[in-house]
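Before any comments, here is the structure.
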Amino acid sequence: MGLEDAKTQVDRAFTGEGRGLAFENAFGGATSFLRRRYSKDVAGADLAILGVPFDQAVTHRPGSRFGPRAIREASTLQPYDPPYGWPFDPLSEMTVVDSGDLAFDYAKTSEFPGTLTARVREILAQGAGTVTLGGDHFITLPILRAYAERFGPLAVVQFDAHSDLWADDDMDRIDHGTFLYKAVKLGLIDPDRSVQIGIRTVTEDRLGVPMIDARAVHEEGPDAVAEQVRRIVGDAPTYVTFDIDALDPAFAPGTGTPVWGGLQSWQAAAILRGLAGLRVVGGDVVEVSPPYDNTGATAIAGAHVATEIMCLYGWHRLGK
């Protein structure tokens, strides 16, 4: 198999076997994530990719509902080779399917959280994990509900510019900036085993969640940060959520809430790679807002983040 197979390979999103690298032309074909086979039925799969094009409200710039589409398109540059630097090929050793996007009634916003929880619950019941492409950061809360039902309180590793710990005791409010506050209050996560990376905004009450802010990343370096995260999380079932605004706007301008002084892409990549061995059971990348980045750099970053989470999940799933 090699690049010469592009003359016969096309639309592997429909024709693929579920495993293996893909060599169809990057500029053509159906744009599933990493050219994985589309299937709503994930029985027998190790991992399901789920798009959630939900964009209720963000602090400044809307548009992250287009994130899943842009991330899938950007990912077509990646499936020719195993992810660089990992000592295994998750595309060949795991069955990864793209389960498409979540269906929901955009005019009945109040029904959205339950709809998302039910879909993730369904996927988990079939034995697969999820890597979700968002969507604004609210989507992580309904996902955590389903995961906590299965695993109990989770450790959350959150890459972000914002803590999302602002007080909001109305559990029915749908707000992209309070998902972690509610996850703590609802007992979905274990704050002592969770950690936030890249924060650079003020939060008065952290509810016991440890923080490694952006300056600490710059000064201490990715290896030290990854080791600190590993000590905090331990062997807890772990969910990784990556808000793309964790990256500095120079590396990811296409987001709703850009904040200067953020992580460089190589720092984020190194930290993620350093988390190998954690009991990662799922994750997401959120708030890619392509209308504000005509270069596509933000979507490319999102595609790579999703791939790294896939690798972290696979490393644990396959017992590496």
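On a predicted model such as this, the values are computed, not experimentally measured, just so you know.
- Between Tyr239 and Tyr147, the angle of the ring planes goes over 60°, which puts this pair in the perpendicular group of the 30/60° scheme.
- Side chains of Val131 and Asp284 form no contact here, defined as non-hydrogen atoms less than 4.5 Å apart.
- The distance between the ring centers of Phe88 and Trp315 falls below 6.0 angstrom.
- The pair Arg65-Asp136 fails the salt-bridge criterion, with no side-chain N (NZ, NE, NH1 or NH2) lying under 4.0 Å from an Asp/Glu carboxylate O.
- Between Tyr313 and Gly282, the shortest heavy-atom contact is CD1-N, 4.1 Å.
- Side-chain rings of Phe179 and Phe138 stay apart, their centers remaining 6.0 Å or farther from each other.
- Just one residue in the list Val280, Thr238, Leu312, Ile309 forms a side chain to side chain contact (heavy atoms under 4.5 Å, CB included) with Leu275, and that residue is Leu312.
- Under the 4.5 Å side-chain heavy-atom criterion for Ile, Leu, Val, Met, Phe, Trp and Tyr, Val305 and Ile300 are members of distinct hydrophobic clusters.
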Run Asp169 and Tyr181 through side chain to side chain donor-acceptor pair (under 3.5 Å) and show every step you take.
CA-CA 9 Å; Asp169 291 306; Tyr181 178 91; 2.7 Å; yes
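- By the 4.0 Å N-to-carboxylate-O rule, Arg273 lies close enough to Glu308 to be salt-bridged with it.
- Considering all non-hydrogen atoms of both residues, Lys182 and Met171 come closest at CG-SD, 3.5 Å.
- Glu204 CD: 12 or fewer foreign heavy atoms inside a 6.0 Å radius.
- Salt bridge status for Lys320 with Glu93: present, with a side-chain N to carboxylate O gap under 4.0 Å.
- Of all the heavy atoms in Glu24 and Gln9, the pair that sits closest is CB-O, 3.3 Å.
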How far apart are the C-alpha atoms of Arg72 and Thr31, what are their side-chain angles, what is the distance that settles it, and do they pass the side chain to side chain donor-acceptor pair (under 3.5 Å) test?
CA-CA 6 Å; Arg72 285 188 175 102; Thr31 52; over 6 Å; no
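- In the hydrophobic clustering, Tyr38 connects to Phe14, either directly or through intervening members, whenever side-chain heavy atoms lie under 4.5 Å apart.
- Expressed to the nearest 0.5 Å, how far CZ of Arg173 lies from OG of Ser110 amounts to 14.0 Å.
- Side-chain contact of Thr298 with Asp293: a donor-acceptor pair under 3.5 Å is present, judged by distance alone.
- Between the side chain of Arg206 and the backbone N or O of Val209, at least one donor-acceptor pair lies under 3.5 Å.
- Residue Arg69 qualifies as open at atom CZ: its count of foreign heavy atoms under 6.0 Å is 12 or below.
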Under the criterion side chain to side chain donor-acceptor pair (under 3.5 Å), I'd like the reasoning laid out for His176 against Thr59: C-alpha separation, chi angles, the key distance, then a yes or no.
CA-CA 8 Å; His176 75 290; Thr59 306; 3.1 Å; yes
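- Defined by atom type and a distance below 3.5 Å, a donor-acceptor pair is present between the side-chain atoms of Thr241 and His137.
- With no hydrogens or angles considered, a side-chain donor-acceptor pair links Gln78 and Thr307 at under 3.5 Å.
- Classification of Glu149 and Arg145 as a salt-bridged pair fails, no side-chain N sitting under 4.0 Å from a carboxylate O.
- The pair Asp101-Arg119 does not meet the salt-bridge criterion, since no charged nitrogen lies less than 4.0 angstrom from a carboxylate oxygen.
- Contact detail for Phe251 and Leu247: the closest heavy-atom pair is CB-CB, 4.4 Å.
- Side chain of Asp248 to backbone of Gln264: no donor-acceptor contact under 3.5 angstrom is found.
- More than 12 heavy atoms of other residues, nucleotides or ligands lie within 6.0 Å of CD in Gln56, so this atom counts as buried by the packing criterion.
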